[in-house]
Amino acid sequence: MKLLLVEDEVVLSNIISKGLKKSGYAVDTAFDGEEALEYFEINVYDLIILDLNLPKTDGMEVLKRIRSKYDDIKILILSARSDIQDKITGLDTGANDYLVKPFDFQELDARIRSLLRRSFTQESTIISCSDITLDSSKKLVFVKGSQVDLTKKEFSILEYLMFHKNEVISAEELIEHTWDSEVDLFSNSLKFHIHSLRKKVAIVLGKKEMIRTIRGQGYIISESLGKESDE
């Protein structure tokens, strides 16, 4: 999943960003309100982590502008403003959650997972598709009950496809939600990771192919097995 972290304290931003990337997220960082709005206009994000005490444009104003255009994106306020009225105002303005600084990173990680599950109407951290089971909390994947070791990028791709199982997902959409904004859209990186992911899953599944290429459209992970891929 792709996140936008809006935090003006550089050291704290680097710490949070590093932790989120370790958890498997693609992360863009903005250090003021105007930069956050610019990032938001040109990229697609699954969730925004938003500080309120921002230079140039206040975080609450950023929240209002985003909500005036989009209702579905998840926004988590991460702020030192601990007054109950600030929390009420933030939630009433459109934030989905509010976490006060200082905070424990594990709690932030858990709240992000919870919000993202709501985005895909997924109540559990466990996602299944035929013989594949994925735990988005523990970052584990099992195929026919056997654990399969994936890289962070392979896990992110599989997770997004499984959230949208039985749907064709374009290469552009996969890149938008699993890479940060610095990715080279013309590279073969996605194909490389898809190929590696298929290979690891196929070792357990045999010839059965679950991650299929629909030529000219994208990729699909399906409950129905045994159909040959176009690649």
Side-chain angles (χ1 to χ4, degrees), residues 1-81 86 89-91 93-101 103 105-120 122 136 152-153 155-157 159-160 163-164 169-170 172-185 189-190:
M1 303 297 162
K2 187 172 181 177
L3 313 182
L4 174 61
L5 170 62
V6 190
E7 169 61 60
D8 67 319
E9 296 182 27
V10 177
V11 174
L12 180 58
S13 175
N14 290 339
I15 292 172
I16 297 173
S17 177
K18 184 177 180 180
L20 292 173
K21 289 178 180 178
K22 189 175 181 180
S23 294
Y25 298 107
V27 184
D28 285 341
T29 54
F31 298 96
D32 61 63
E34 289 185 9
E35 187 178 27
L37 291 169
E38 289 174 2
Y39 266 103
F40 183 76
E41 288 298 327
I42 60 177
N43 295 288
V44 177
Y45 296 104
D46 297 290
L47 183 141
I48 297 174
I49 302 168
L50 180 65
D51 186 16
L52 294 181
N53 297 321
L54 296 172
K56 296 186 178 180
T57 302
D58 184 72
M60 200 66 76
E61 180 62 25
V62 172
L63 175 60
K64 290 177 182 177
R65 293 190 193 181
I66 292 175
R67 276 290 175 253
S68 68
K69 295 182 178 180
Y70 300 95
D71 293 326
D72 55 346
I73 188 167
K74 301 301 179 183
I75 301 176
L76 186 157
I77 291 177
L78 184 62
S79 176
R81 298 183 191 176
D86 288 318
T89 301
L91 294 170
T93 303
N96 301 99
D97 200 356
Y98 196 116
L99 183 60
V100 175
K101 301 175 183 176
F103 62 96
F105 182 81
Q106 290 183 322
E107 181 180 1
L108 173 64
D109 205 11
R111 291 191 184 213
I112 290 172
R113 290 197 302 270
S114 176
L115 289 175
L116 291 175
R117 287 200 301 274
R118 290 184 221 168
S119 297
F120 298 99
Q122 181 77 26
S136 61
K152 292 176 183 177
K153 191 61 65 181
F155 183 92
S156 296
I157 291 169
E159 181 182 42
Y160 194 80
F163 270 130
H164 296 273
I169 304 298
S170 69
E172 291 79 8
E173 182 175 346
L174 265 179
I175 290 173
E176 284 178 344
H177 289 271
T178 57
W179 266 268
D180 59 35
S181 59
E182 296 180 0
V183 66
D184 180 0
L185 296 178
S189 185
L190 176 60

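It should be emphasised that the depicted structure is a prediction, and the values quoted were computed from it without experimental measurement. Side chains are part of it too, since the values below use all heavy atoms of this structure and drop only hydrogens, waters and symmetry mates.
Under a 3.5 Å cut-off, the side chain of Asp46 and the backbone N or O of Lys2 do form a donor-acceptor pair. Of the possible donor and acceptor atoms, none in the side chain of Lys74 sits under 3.5 Å from a partner among the backbone N and O of Ile112. Between the Glu7 side chain and the Glu9 main chain, a donor and an acceptor come within less than 3.5 Å of each other. A donor-acceptor pair under 3.5 Å is formed between the side chain of Glu35 and the backbone N or O of Phe31. Judged purely by atom type and a 3.5 angstrom limit, Thr57 has no side-chain atom pairing as donor or acceptor with the backbone of Val62.
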**Asked** Checking side chain to side chain contact (heavy atoms under 4.5 Å, CB included) for the pair Glu41/Lys69: CA distance, chi angles, key distance, verdict?
**Response** CA-CA 10 Å; Glu41 288 298 327; Lys69 295 182 178 180; 3.0 Å; yes

**Prompt:** Is there a side chain to side chain contact (heavy atoms under 4.5 Å, CB included) between Ile48 and Tyr39 once you walk through the steps?
**Reply:** CA-CA 11 Å; Ile48 297 174; Tyr39 266 103; over 6 Å; no

**Prompt:** Can you list the steps and then say if Ile66 with Leu37 is a side chain to side chain contact (heavy atoms under 4.5 Å, CB included)?
**Reply:** CA-CA 8 Å; Ile66 292 175; Leu37 291 169; 4.2 Å; yes

**Prompt:** So Asp51 and Lys101, side chain to side chain contact (heavy atoms under 4.5 Å, CB included) or not? Walk me through it.
**Reply:** CA-CA 10 Å; Asp51 186 16; Lys101 301 175 183 176; 3.5 Å; yes

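In this structure, Ala36 and Leu4 approach most closely via the heavy-atom pair O-CD2, 3.9 Å.
Shown are Leu20, Ile16, Ile49; of these, the side-chain contact (heavy atoms from CB on, under 4.5 Å) with Val27 is made only by Leu20. Between Leu63 and the choices Glu61, Arg65, Arg67, the side-chain contact (heavy atoms from CB on, under 4.5 Å) rule is met once, by Arg67.
Here CG of Leu47 is found 7.0 Å from CD1 of Ile73. Values are rounded to the nearest 0.5 Å. Of the inter-residue distances, the one linking Leu5 atom CG with Lys21 atom NZ reads 10.0 Å to the nearest 0.5 angstrom.
Ring-plane geometry between Tyr70 and Phe40 is classed as perpendicular, the angle between the planes exceeding 60 degrees on a 0 to 90 degree scale with a lower cut at 30.
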